[in-house]
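Just so we're on the same page: letters track the sequence lines, and every chain starts at 1. Side chains included, hydrogens not; waters and symmetry mates left out as well; all remaining heavy atoms used.
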Protein chains: 2
Amino acid sequence: MTQKQLILKERPNGIPDKDTFAFREVEIEEPSEEEVLLKTLYVSVDPYMRGRMSAAESYVAPFQVGEPLSGGIVSQVIESKSDQLSKGDIVRGNLPFQEYHVVKANTVHKVDTNGLSPSVALGALGMPGLTAYFGMMHIGEPKENETVVVSGAAGAVGQIAGQLAKQAGARVIGIVGSDEKATYITEELGYDAAVNYKKGQLDQQLKQACPNGIDVYFENVGGDIGDAVWPLLNTFARIPVCGAISSYNLKEDEQDIGLRVQWFLIKSRAKMQGFLVGDFADKFSEAYPILAEKVSSGELKFEETIKEGFSSIPDAFNGLFSGENIGKQLVKVADVD
Amino acid sequence: MTQKQLILKERPNGIPDKDTFAFREVEIEEPSEEEVLLKTLYVSVDPYMRGRMSAAESYVAPFQVGEPLSGGIVSQVIESKSDQLSKGDIVRGNLPFQEYHVVKANTVHKVDTNGLSPSVALGALGMPGLTAYFGMMHIGEPKENETVVVSGAAGAVGQIAGQLAKQAGARVIGIVGSDEKATYITEELGYDAAVNYKKGQLDQQLKQACPNGIDVYFENVGGDIGDAVWPLLNTFARIPVCGAISSYNLKEDEQDIGLRVQWFLIKSRAKMQGFLVGDFADKFSEAYPILAEKVSSGELKFEETIKEGFSSIPDAFNGLFSGENIGKQLVKVADVD
């Protein structure tokens with residue numbers, strides 16, 4: 001019996017297109033001792049994957065041409081030859097993008113979804129949720145009555161980051177790319193204000209939304225959006241740098257050119273710090289229960305944008321860069337049995 | 001009796017020129033009770049003063065047009081009506097740029113020069129020395145065998161910063177703008193290598209000089225020099241941002257445009273932090289004895305470039321931006337009695 005697998009056909013130069021991805025049929029293997037057979041339920045597409053499609057050195061090894069893409073997947077165990085997992089269990093793993101996997105049981109993590117959709121293990125209670133938590137709470141450190149700005153505020157990470165800042169007592173402003181997202185973050189998530197950068201004059205809009213300046217800027221986007229923030233930084237501002245999605249599809253001969261930040265950092269004695277969620281691995285066990293409690297109780301809200309079918313992965317991925325998603329972008333591959 | 005005073009005649013737009021500065025004659029006052037009459041020995045000219053010449057908001061109030069410039073001055077007491085200071089004492093203060101001052105004795109600090117020239121209180125044992133100490137040791141935190149790069153490496157701050165990193169066991173590379181400065185930092189200060197950015201291909205030169213990447217970048221200059229550093233940052237690199245002298249003479253309608261830094265910070269999970277020496281005021285009493293001991297013993301070396309005469313202050317100031325100075329730039333106004 002065969003299954004679909006998504007491979008990197010060619011490295012993209014600029015925006016990934018139809019030559020970037022290809023599907024192929026591969027055999028579904030049989031599990032041996034200590035192994036399980038998994039059926040993919042949800043595939044996570046994330047902006048950082050764009051970096052892995054290039055050959056350039058990065059913090060994670062490049063995908064190989066002709067080999068499958070891989071990333072966060074939530075699956076259900078449909079056959080188990082291990083004591084560690086039972087048929088029906090929901091697991092999360094970092095796995096090749098295909099419809100079924102045979103893996104050692106100890107290479108995936110059992111997910112207790114606590115009555116929530118299993119997809120939450122790829123979003124609010126997965127990598128994006130933890131990223132928001134550590135970036136905001138360990139680098140941003142928002143304090144009562146401070147002004148916090150989040151770019152990509154309606155995205156997988158931003159939606160959690162803003163709420164955490166709000167719960168810390170800060171005034172929180174989100175930068176988004178549509179009126180629908182602006183409504184989402186103010187009406188659903190409790191952001192104090194939203195700025196839609198597509199309406200232009202971002203610097204004026206931001207200045208109006210932040211009359212007391214900016215104490216924490218949670219950076220997901222970069223580009224013109226960061227440039228509009230720097231002049232508004234307050235003394236001792238903190239800038240967790242989580243992403244720079246506006247630059248990920250630059251062509252190989254293009255550079256990310258804009259305002260240099262040095263003078264702004266000096267003037268405000270601000271701290272700007274790049275981070276990856278993995279840097280905080282030793283603190284996952286501290287953060288996860290906090291997030292799980294807040295998500296289960298409804299204190300932390302989140303949205304998911306779900307495309308249907310394994311073959312929609314390329315579209316779902318590219319949609320991240322045109323801002324199609326509200327909240328976490330996922331691809332649903334199969335139903336839970 | 002009158003004396004010379006240096007005033008801000010017009011705010012400069014771009015490089016300060018003959019319309020920026022003017023000298024005028026003002027009366028020398030008589031000291032009252034608790035006051036002292038001071039004779040200026042040395043005037044410090046520093047890049048940060050350029051920011052104060054503009055009306056724009058900064059971390060320190062702008063100079064006022066028609067009013068004297070001010071900054072670090074070392075003086076000798078020539079008449080005292082206070083118990084706190086005696087005739088002949090050497091003091092340091094933040095004072096208007098003129099040849100004599102009458103001040104309350106408690107507004108200046110007595111300097112124990114320990115056999116060194118009084119000018120050292122404006123350089124290695126003054127604001128630049130402390131700036132280097134806190135930026136390098138509290139933000140840069142160089143570790144044994146790490147690679148540390150200092151821009152403006154032969155300047156007032158850079159010359160101290162590089163030596164402190166070297167003493168912490170790091171490999172230290174300085175970026176300078178002349179072969180004379182390259183020789184100074186490698187032969188006199190013990191830097192491991194120098195890169196002269198005026199020879200071009202800075203990115204190639206730096207890559208050769210830093211085969212193991214860059215762990216700490218002490219930023220004094222900004223512009224193309226920072227841009228060449230970002231691609232070489234190692235994981236968890238630290239970037240104390242002390243100055244951005246390349247941008248200080250931009251015209252009002254010009255912006256500092258270059259490589260955006262976000263992606264580089266993410267990729268290396270680097271921390272970039274602006275600071276002012278005053279942020280560490282509560283630690284001066286910890287740092288000063290360390291620096292004083294190292295300077296007195298000769299463990300920390302330093303150079304001074306001294307122009308003669310009060311009327312040379314404008315030239316000395318402008319020379320900072322064309323890189324004329326090696327080490328601390330000073331103006332000598334009078335001899336010690």
Side-chain angles (χ1 to χ4, degrees), chain A residues 47-48 50-51 56-60 131 135 139 151 213 217 219-227 229-233 235-248 250 255-280, chain B residues 47-48 50-51 56-60 131 135 139 151 213 217 219-227 229-233 235-248 250 255-280:
Chain A
Y48 82 89
R50 178 61 186 81
E57 183 222 354
S58 172
Y59 54 81
V60 49
T131 300
I139 300 176
S151 59
Y217 174 53
E219 173 70 295
N220 283 312
V221 178
D224 293 339
I225 294 184
D227 290 0
V229 166
W230 312 147
L232 300 176
L233 293 175
T235 305
F236 301 125
R238 290 83 67 198
I239 307 163
V241 186
C242 175
I245 193 171
S246 69
S247 69
Y248 292 176
L250 287 176
Q255 289 188 310
D256 187 16
I257 301 296
L259 266 188
R260 290 196 183 101
V261 78
Q262 285 96 318
W263 172 245
F264 299 102
L265 296 185
I266 296 169
K267 202 176 77 165
S268 345
R269 295 98 107 189
K271 180 182 77 169
M272 193 169 179
Q273 188 169 346
F275 73 101
L276 300 178
V277 65
D279 300 338
F280 296 93
Chain B
Y48 82 89
R50 178 61 185 82
E57 182 223 355
S58 174
Y59 54 81
V60 50
T131 300
I139 301 175
S151 60
Y217 174 52
E219 172 69 296
N220 283 313
V221 178
D224 293 340
I225 294 184
D227 290 359
V229 166
W230 313 147
L232 300 176
L233 293 175
T235 304
F236 301 124
R238 288 85 66 198
I239 307 163
V241 186
C242 175
I245 192 170
S246 69
S247 69
Y248 292 177
L250 287 177
Q255 290 187 308
D256 187 16
I257 301 295
L259 265 189
R260 290 197 184 100
V261 77
Q262 284 97 318
W263 172 245
F264 298 103
L265 296 186
I266 296 169
K267 202 177 77 167
S268 346
R269 294 101 104 189
K271 181 181 77 170
M272 192 169 180
Q273 188 169 346
F275 73 101
L276 300 178
V277 66
D279 300 338
F280 295 92

Worksheet item: Quick one: are Phe264(A) and Met272(A) in side-chain contact, heavy atoms under 4.5 Å?
Response: no
Worksheet item: In terms of heavy-atom pairs under 4.5 Å with chain A, which of Leu276(B), Leu265(B), Val241(B), Asp256(B) leads?
Response: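 Of the candidates given, the most pairs with chain A belong to Asp256(B).
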Response to the item:
To the nearest 0.5 Å, atom NZ of Lys271(B) lies from atom CD1 of Ile139(A) at 10.5 Å
Heavy-atom cut-off 4.5 Å, strictly under: side chain, backbone, both or neither for [X] against chain B?
X         : value
Phe236(A) : side chain
Val261(A) : side chain
Glu219(A) : side chain

Practice prompt. Please list, chain by chain and in numerical order, all residues satisfying ring-ring contact (aromatic ring centres under 6.0 Å, His included) with Tyr48(B), sequence neighbours excluded.
Written response: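 For Tyr48(B), no residue satisfies ring-ring contact (aromatic ring centres under 6.0 Å, His included) once neighbours in sequence are set aside.
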Worksheet item: Partners of Asp224(A) by side chain to side chain contact (heavy atoms under 4.5 Å, CB included), sequence neighbours excluded?
Response: Asp227(A), Arg260(B)
